[in-house]
Amino acid sequence: MAIAAAVAIVGCSKPAENRIWLPDGTPDVNAEIVVDTTLDLKHDGFMIKDTPDGRKVMAKTDIGAMYGTYALQRLERTGKADGELDIREEPSYERRILNHWDNLDNTVERGYAGWSIWHWGEPVPVELIKEYARLNASVGINGSVLNNVNATPEILRRDYLERVAEIADIMRPYGVRVYLSVNFSSPAQLGGLPDSDPLRPEVQEWWADKVAEIYGLIPDFGGFLVKANSEGLPGPQDFGRTHADGANMLADALKPFDGIVMWRAFVYSPKSSDRACQAYDEFAPLDGHFRDNVLIQIKNGPVDFQPREPFSPLFGHMPNTQMMAEFQITQEYLGFSNHLVYLIPLFKECLDSDTYCKGEGSTIADITTGKLYPDVYNTTAIAGVANIGRDENWCGHHFAQSSWYGFGRMAWDVTLTAEEIAQEWLEQTFTSDPDFVEPVLDMMMTSREAAVDYMMPLGFHHIFAWTHHYGPEPWCDIPGARADWLPKYYHKADAEGVGFDRTRAGSGNVDQYHEPLASLYNSIETCPEELLLWFHHVPWTHRMSSGRTLWDEICHRYDRGVKKVREYQAVWEQAKPYVDVERWEAVRAKLEIQESDAGWWRDACVQYFGEFSGMPVPADVEQPERPLEELKKIKLDMKHHN
Ligand code: GCW
């Protein structure tokens, strides 16, 4: 049976050309589309097969057929559809979800691409939302949490829910389900109850009624995302209850409708001596206490989306609980939408990490796809914090789209390499001419490492400006601010050395990892240099594998990062003949900002840390141009960043 509905993808009214990776309109492929409900395919999987009757895209569901059609279109456009095709795909994760940190006043927390695409309080932008959903569908993203995890209770008001239902209706044909972030104190704040204690029957009843109301409007509503008892938000601990008490109460309300709870593990308290230990300390003891429709949503690293962190140790320690990874596609700590940083290598670094929780080969991908604990996982999920706004190119930087695209592709097939994903994105978005693709692909593939070098090399973390998270501010001191928000808490520079001692002699964080990692990280000799200052307080004179002292190596890494960005500028000059003027110029202008910012980071950090090391910037790296005192006065003009 050929099904039209599956491919009746309505195009958008704006010209899509030159803005996105997809051609406008319905995917036009050379195959028969077949939906056969008797096929044995999981979760909207599909097959593409050459048969004696011609080429067929086959699926069990119409959404599966749509995914197969997009997959074939991608193969055709990247020149991979010429030979005989015999493809069978089922997604690695059942739920592939974008988290929008969009507020009801249309601002976007950590958004660098303009106002919220949901246009709250304005007419529903039907065509825009269709195009958004179509882009998601083309890479297999099938869920959107519409609002900020810093949620206001108002989102659960009837008028907002009706609006959410309209959005859900627009996205449904593209297989994108809607989820909402909820505020734990909604029963008190919105419902007028005396409090929101999860064990209070009226509170449970309030949630049950609210959930029923939501499903009355949105029958395929996905569920709730919750940030609780974190950064000042309310939660079950306010009433002496645990995260499990809170999550389970919501899970019980959602269960009759097959809804899920994604309960975030991003928690930290000002009292802790090491913020990197917090999520583990609070959550690991609750393993096995969560309902089977709860997933614990864990940021890739134990602190907060830094350019490089080790993986969160929690992943290795909740064998009886469903867990999912949260990545940040928006570049809060990676140069906003000004820097070209392709993020899939960072995401894959986490997913490919071996936790050793069940011996060697226990990767985070294997845990979160349910492969390692099949009896525990009845659903699987992965989340990415969106970098999407009303900006004409959606993400503020043409190359930032590659991280949205790549998140979807990776969530669909976690075995794809970052390079494969980048290459197919480039070929669809620009051209497949190898003279363009090869150097630009190399630029994308090295861009994350370059950013680590010019911002926070060798395990440095959290040394950005407290106010905007954009530029360097390792010196930052804000009277009255929590210690664990300030850079000095993390770098701990002194006359002897620099870095956070998380060894057994220090905070003991290394022991939150399974062996052999715990001992590997614990020893300054075996700790990977990429994470050295994360786990160790290292003397300035420590000898690195390059033969340099730590101090010289720090200076070299910063310098290497800046030089890499200059190479990118040269690559982009060469790319000019292959790219339309508008996009070429936009990327060129952004690379100029990136080069200048990289120099700002380098000059600020080497001079600041030089005050502690007492050693000069080595002669074989570029000397800082502007004095530290001048760099300290730089105020960020946010209008360039939103
Ligand atoms: O890193 C911090 C961000 C906050 C964010 C928080 C979180 C949504 O600076 O803006 O709040 O993480 O992930 O909850």
Side-chain angles (χ1 to χ4, degrees), residues 97-113 116 144-153 155 179-184 224-235 237 243 246-247 261-270 272 275-276 278-279 282-283 295-309 312 314 324-337 343 346-347 350 382-389 407 455-456 461-471 473 476 478 481-482 484-487 489-490 636 638 641-642:
I97 304 177
L98 287 180
N99 289 186
H100 289 264
W101 287 355
D102 293 19
N103 300 312
L104 299 182
D105 64 1
N106 287 311
T107 55
V108 179
E109 181 152 348
R110 312 305 173 191
Y112 314 106
S116 168
S144 285
V145 182
L146 300 189
N147 63 318
N148 193 350
V149 286
N150 289 329
T152 110
I155 189 68
Y179 299 74
L180 289 176
S181 297
V182 295
N183 182 300
F184 201 78
F224 292 149
L225 171 63
V226 193
K227 171 175 177 179
N229 291 122
S230 169
E231 300 190 323
L233 283 166
Q237 293 174 346
H243 287 290
V261 175
M262 293 165 288
W263 190 271
R264 294 177 91 227
F266 177 67
V267 293
Y268 59 101
S269 107
S272 167
R275 179 169 156 190
Q278 283 283 292
E282 276 192 40
F283 279 86
L295 293 112
I296 303 302
Q297 181 166 318
I298 307 170
K299 287 188 183 185
N300 57 284
V303 170
D304 192 8
F305 297 138
Q306 298 301 288
R308 171 167 277 118
E309 298 187 30
S312 168
L314 195 53
M324 60 186 284
E326 175 181 320
F327 297 101
Q328 197 180 41
I329 308 171
T330 190
Q331 293 170 223
E332 175 178 359
Y333 300 107
L334 283 145
F336 296 0
S337 55
L343 292 172
L346 186 164
F347 301 167
C350 168
I382 185 165
V385 180
N387 60 351
I388 295 161
F407 168 77
M455 287 180 172
M456 306 185 208
H461 52 290
H462 219 290
I463 57 174
F464 50 79
W466 187 72
T467 43
H468 48 66
H469 299 187
Y470 184 75
E473 233 173 74
C476 175
I478 300 201
R482 306 171 44 148
D484 59 355
W485 275 348
L486 296 175
Y489 169 94
Y490 296 93
L636 194 67
M638 290 301 282
H641 303 285
N642 215 330

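Nothing here was measured: the structure is a model prediction, and the numbers come from that model. Counting starts at 1 for both ligands and their atoms, in listed order.
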Is the closest side-chain heavy-atom distance between Ile298 and Glu326 below 4.5 Å?
-> no
Could you tell me whether Trp485 approaches ligand 1 through its side chain, its backbone, both or neither, with non-hydrogen atoms closer than 4.0 Å?
-> neither
Near His469 (heavy-atom distance under 4.0 Å), the atoms of ligand 1 are 9 (O)
Test ring pair (Phe, Tyr, Trp, His ring centres under 6.0 Å), reference His469, set Tyr333, Phe336, Trp485, Tyr112, output is Tyr333
Atom 10 (O) of ligand 1 - nearest protein heavy atom and its distance = Glu109 OE2, 2.4 Å
Check whether any side-chain N or O of Tyr490 sits under 3.5 Å from a backbone N or O of Asp484 as a donor-acceptor pair, and report yes or no.
-> yes
Please work out whether the ring planes of Tyr470 and His468 are parallel, tilted or perpendicular, with thresholds of 30° and 60°.
-> perpendicular
Specify the protein heavy atom at minimum distance from atom 14 (O) of ligand 1: its residue, its atom name, and the distance to 0.1 Å.
-> Lys227 NZ, 2.6 Å
Does an N or O from Glu326, backbone or side chain, lie closer than 3.5 Å to an N or O of ligand 1?
-> no
Quick one: are Val145 and Phe224 in side-chain contact, heavy atoms under 4.5 Å?
-> no
Looking at atom 1 (O) of ligand 1, what's its closest protein heavy atom, distance included?
-> Asp304 OD2, 2.1 Å
Identity and distance of the protein heavy atom lying nearest atom 12 (O) of ligand 1 = Lys299 NZ, 3.1 Å
Donor-acceptor pair, Thr330 side chain versus Arg110 backbone, under 3.5 Å?
-> yes
shortest atom 6 (C) of ligand 1-to-protein heavy-atom contact is with Glu231 OE1, 3.4 Å
Please state whether Gln328 comes within less than 4.0 angstrom of ligand 1, counting heavy atoms only.
-> no
Does Asp304 reach the side chain of Phe266, with side-chain heavy atoms less than 4.5 Å apart?
-> yes
Counting from 1 in the order shown, the ligand 1 atoms closer than 4.0 Å to a non-hydrogen atom of Arg110 are 3 (C), 4 (C), 9 (O), 10 (O)
Less than 3.5 Å between some nitrogen or oxygen of Asn148 and one of ligand 1, yes or no?
-> no
Side-chain donor-acceptor pair under 3.5 Å between Glu282 and His243, yes or no?
-> yes
Considering only the protein, which heavy-atom contact is closest to atom 8 (C) of ligand 1, and what is its distance?
-> Asn150 ND2, 3.3 Å
Donor-acceptor contact present, side-chain Asn103 to main-chain Asp105, <3.5 Å | no
Proximal atoms of ligand 1 relative to Phe266 (non-hydrogen, under 4.0 Å) = 6 (C), 7 (C), 12 (O), 13 (O), 14 (O)
What do you reckon, does Val385 put a non-hydrogen atom under 4.0 Å from ligand 1?
-> no
Do the rings of Phe305 and Trp101 sit parallel, tilted or perpendicular, given the 30° and 60° boundaries?
-> tilted
Under 3.5 Å, N or O to N or O, is Trp101 touching ligand 1 that way?
-> no
Nearest protein heavy-atom contact for atom 9 (O) of ligand 1: which residue, which atom, what distance?
-> Glu332 OE2, 2.5 Å
